[in-house]
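Structure first, commentary second.
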2 protein chains.
Amino acid sequence: MRAITSSRAENLSIGELSKYSGVNIETIRYYERIKMLPAPPRTASGRRLYGPAEKRTLAFIRRSRDLGFTLEEIRALLDLGGPERASCADVHKIASAHLAKVRSKLSDLAKLEAILAETVARCTDGAAPDCPVLDILDAGRQGD
Amino acid sequence: MRAITSSRAENLSIGELSKYSGVNIETIRYYERIKMLPAPPRTASGRRLYGPAEKRTLAFIRRSRDLGFTLEEIRALLDLGGPERASCADVHKIASAHLAKVRSKLSDLAKLEAILAETVARCTDGAAPDCPVLDILDAGRQGD
DNA sequence: CTTGATCCTGTAGTCACTACAGGATGCATG
DNA sequence: CATGCATCCTGTAGTGACTACAGGATCAAG
């Protein structure tokens, strides 16, 4: 088990960063490959060493992903929030576009839930002669 | 424009089936490749000819996809609804498992919507000194 | 006979990861 | 100092559900 300390310096190995951030090791390397994360410095033997900046960036990405932003959107947000944190208007544009998408998905999903719930409810006994779920899915005879 | 009729027989070309069902041509071929749809008969020159059975099956798939079932689930449903349409209980199991997933996704999405909406609302003027969206995403200093 | 629409196969790209294979280090213990 | 296990490395391929070509064949109308 070897004790996960080693934070004597503020440098983290990829495994520690992974545990800390809740982002899979493979995913961290993937982020580096696609340039979501800068390539960190390495030890003499080639192991990645992450400092507090990378830690923060990864946390930002993680949180944004949780909120459903795509990596492309996050890239834009990172650029905007980078060196000069000027353009709140641009950030607002990205975030509200995303919000609109979330809302539309939400309403679709709500409709879907209603249909499914209603359908499933109609055969809770499991003894119906014809299966209403299949009938719903099989619909299309009425317009045919 | 060449008139989309040709329903003299009840056979459809892949293009007609696509238009009729709202499923992309490429997707129809993809379904055939992964065996969601049976390989249809062909004309002498090798073009696919679809009859009413395929039309129905594709409509079933389409509708199920709209309701968020995975292709794997749909495959199971098709098997269940196939030759002997006996096991409504099995269908019920698949559908209600799916319903549970939908509900959990729905509640996640609702939470997400609330956070996003609140965050975006806080900078509608676009003139805030610091950007609340970036701040929310950048959170993590409090626990650090 | 030419033109343009439609069709064919096969391959590769998308998104956001995830899962290996096959090997090199790091480090604590005997 | 050797052993052994955890961790790390690179590189490639797989996932789901498509989508997008390239490069060619066929069809039907004018």
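Nothing here was measured: the structure is a model prediction, and the numbers come from that model. Chain naming here is simple, since letters A, B, ... match the order of the sequence lines and numbering starts at 1 in each.
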Problem set entry | Closest non-hydrogen atom pair, B:L106 against A:A110 |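 It is CD1-N, 3.7 Å.
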For this session: Would you indicate which nucleotide in C:dT9, C:dG26, C:dA16 comes nearest to any side-chain atom of A:S45?
Result: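 Output: C:dG26.
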Exercise. Among D:dC27, D:dA17, C:dC17, which is the nearest nucleotide to the side chain of B:R47?
Worked result: D:dC27
Problem set entry | B:L12 side, atom CG; B:L17 side, atom CG - distance, nearest 0.5 Å | 6.0 Å
Exercise. Just how far is it from atom CD1 of B:I74 to atom CZ of B:R63, taken to the nearest 0.5 Å?
Worked result: 12.0 Å
Nearest whole angstrom, please: distance from the [atom2] of [N] to the [atom1] of [X].
X: A:L49; N: D:dC8; atom1: CG; atom2: C1'; result: 12 Å
X: B:Y50; N: C:dT6; atom1: OH; atom2: C1'; result: 14 Å
X: B:R62; N: D:dC18; atom1: CZ; atom2: C1'; result: 13 Å
X: B:R42; N: C:dC8; atom1: CZ; atom2: C1'; result: 8 Å
X: B:E16; N: C:dT6; atom1: CD; atom2: C1'; result: 10 Å
X: A:N11; N: D:dC8; atom1: CG; atom2: P; result: 14 Å
X: A:Y20; N: D:dT7; atom1: OH; atom2: P; result: 20 Å
X: A:F69; N: C:dA16; atom1: CZ; atom2: C1'; result: 17 Å

For this session: Considering just the side-chain nitrogens and oxygens of A:R48, establish if one lies under 4.0 Å of OP1 or OP2 belonging to D:dC9.
Result: yes
Problem set entry | B:S13 side-chain N/O to C:dC7 phosphate OP1/OP2 under 4.0 Å | yes
Exercise. Hey, can you pull the residues of residues 24-34 of chain B with a non-hydrogen atom under 4.0 angstrom from DNA chain C?
Worked result: B:I25, B:R29
Between [X] and [Y], does any side-chain N to carboxylate O distance fall below 4.0 Å?
X: B:E16; Y: B:K19; answer: no
X: B:R62; Y: B:D66; answer: yes
X: B:E26; Y: B:R29; answer: yes

Problem set entry | Most 5' of A:I14 and B:A44 on DNA chain D, judged by nearest nucleotide | A:I14
Exercise. Do B:L116 and A:F69 come close enough that some side-chain heavy atom pair is under 4.5 Å?
Worked result: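 Heavy-atom side-chain distance check passes, below 4.5 Å.
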Exercise. Base, sugar-phosphate, or nothing: which does A:T43 touch, judged by heavy atoms less than 4.0 Å apart?
Worked result: nothing
